[in-house]
Structures are given as C-alpha cells and as structure tokens.
Amino acid sequence: MLTERTKIAVLVSGGGTNLQALIDANIQAGEIVLVVSSQAGAYALERAKNAGIASCAVERKAYPSQEAFEAALIATLEEKGIELIILAGYLTILSADFTAKYPNRILNIHPSLIPSFCGKGYYGLRVHEEALRRGVKLTGATVHFVNEIPDGGEILLQKAVAVEPDDTPKTLQRRVMEQAEWKLLPQAAELVSERIRREKNERV
Ligand code: GRF
C-alpha cells in the first residue's frame with residue numbers, strides 16, 4: 001500500500017493563476033495543504049480560501065533580517081509537515097541556506113525556455129519584453145528545481161510556445177501562461193509528488 005499523499009505548500013506573491021491551475025488539476029500523488037503569500041493582500045490568498053486550503057502571509061518586511069524571515073517561513077512549513085514547496089509567481093528571494101535545506105524539494109515555474117531570458121532581474125513582464133526585443137520565434141515555460149542560483153537548478157519540464165508577429169509583452173505573457181505554465185506546473189507537481197511518495201514508501 002502506498003503511503004499518504006505528498007504534502008505540498010505553494011508560495012505566491014500575486015494573482016495566483018498558477019496556484020489556481022494546481023488546485024484545479026486535483027493532483028493525485030500530492031495534496032496542497034498550505035499557501036503562503038509574500039504579500040498580505042495577494043489575490044492568491046482568496047483563491048486558497050475559496051478552495052478551503054490553509055493560508056497565511058509571511059512578509060519579508062515584517063522581520064529584521066533575512067534569517068529571521070526564513071526562520072519564520074520554515075517554522076510555518078514545518079508545522080504543516082511540508083514535503084514539497086512550489087514557487088508559483090513567488091517574488092521574494094530565498095537564500096542559499098534556505099534552498100540547501102530542501103534539496104530537490106523546491107520547484108519553480110519560469111515563463112521562458114531556460115537558459116534564455118532567466119536569472120537575476122528576469123521576472124514578470126520583463127521576461128516577455130526581452131523575448132520580443134530579441135525577436136525569438138519560440139518562447140515557453142520551464143519548471144525547474146530551485147537551488148542557490150536564480151533559475152539555475154535542474155530543469156524538470158519545458159514547453160514551447162510560438163511568438164506571434166503582433167504580440168505585445170502582455171499578449172505573449174497570457175499565451176505562455178495558457179499554453180504552457182498552467183499545464184506544466186500541475187504535471188511537475190504530480191511527477192515530483194509521486195517521486196517523493198515512492199521514496200517514502202521504500203523506507204516504510
Ligand atoms: C507567472 O508568469 C510565473 O511564471 C511567474 O510569475 C507569474 C505569476 O502569475 N513566475 P500568477 O501569480 O500565478 O498568476
């Protein structure tokens with residue numbers, strides 16, 4: 001018999017459409033038991049509430065140091081027994097100490113085909129502005145494990161999306177979300193949840 005489902009926390013900062021895709025996908029091997037926002041007013045928190053998922057805000061500005069902030073975040077995660085952390089539009093920087101604590105246990109979605117348009121400073125619309133400026137014909141999204149290098153961890157899944165001649169950063173962002181991000185993130189969550197569950201099962 002398989003052990004219980006992998007306990008997932010989704011970390012968010014904004015609208016939470018990727019969180020919504022994860023909720024709607026009804027992952028089999030994992031269960032979203034916690035949503036943590038870096039902003040108290042994020043709409044993603046409403047989405048969590050509507051889905052009956054425990055949620056809270058842990059804001060960097062509420063703490064005197066990065067260490068104190070991360071200690072509070074870790075305590076929140078540990079209280080729920082979190083085994084997999086998914087960064088879904090999460091904009092607060094996490095230190096190497098934090099990422100080292102969860103090797104192969106943190107996933108991030110990035111709205112480009114890494115290694116293009118990624119790393120420090122590449123977030124939100126900026127990624128799509130640069131893709132259009134460079135004139136690429138294909139862009140997409142990447143789900144990768146998170147380590148101490150921004151967008152530098154092992155790539156798990158990628159999906160390409162065509163750039164259209166009349167695209168603006170906004171239309172491109174929307175297409176990348178619809179065609180890639182909202183599909184890829186639930187797939188990755190299922191894959192890694194299953195992996196973690198199997199590992200636990202082997203230990204039992
Ligand atoms: C997405 O484009 C994601 O790839 C990026 O931030 C955006 C988050 O959107 N990292 P949402 O909050 O999931 O709607």
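These numbers come from the heavy atoms of this one structure, side chains and all, not from hydrogens, waters or symmetry mates. Whatever order the structure lists them in is the order used to number ligands and atoms, beginning at 1.
- The contact set between ligand 1 and Gly15, taken as ligand atoms under 4.0 Å from a residue heavy atom, comprises 12 (O).
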*Evaluate the criterion side-chain contact (heavy atoms from CB on, under 4.5 Å) for residue pair Lys200 and Glu4; output intermediate values, then yes/no.*
CA-CA 9 Å; Lys200 276 192 292 184; Glu4 61 172 17; 4.2 Å; yes
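- Distances from ligand 1 to the non-hydrogen atoms of Val12 include no value under 4.0 Å.
- Distances below 4.0 Å separate heavy atoms of Glu181 from the following atoms of ligand 1: 1 (C), 2 (O), 3 (C), 4 (O).
- When only modelled atom types and interatomic distance are considered, Gln158 and Thr142 share a side-chain donor-acceptor pair under 3.5 Å.
- Protein heavy atom nearest atom 14 (O) of ligand 1, with residue, atom name and distance: Thr17 OG1, 2.6 Å.
- Closest to atom 6 (O) of ligand 1 among all protein heavy atoms lies Gly89 CA, 3.6 Å.
- Between Arg126 and Glu129, none of the side-chain N atoms (NZ, or NE/NH1/NH2) sits under 4.0 Å from a carboxylate O, so this pair counts as no salt bridge.
- Using a 4.0 Å cut-off to heavy atoms of Met177, the atoms of ligand 1 that qualify are 1 (C), 2 (O), 9 (O), 14 (O).
- By the 4.0 Å N-to-carboxylate-O rule, Glu178 lies close enough to Arg174 to be salt-bridged with it.
- For the residue pair Arg60/Gln66, the side-chain donor-acceptor check at 3.5 Å is satisfied.
- Applying the 4.0 Å criterion to heavy atoms of Ile109 picks out, from ligand 1, the atoms 4 (O), 10 (N).
- Using a 3.5 Å distance cut-off with no hydrogens or angles, the side chains of Glu164 and Thr171 do not pair a donor with an acceptor.
- An N or O contact shorter than 3.5 Å links Asn18 to ligand 1 by distance.
- A salt bridge links Glu194 with Arg198: at least one charged nitrogen is closer than 4.0 Å to a carboxylate oxygen.
- For atom 12 (O) of ligand 1, the closest heavy atom belonging to the protein is Gly16 N, 2.8 Å.
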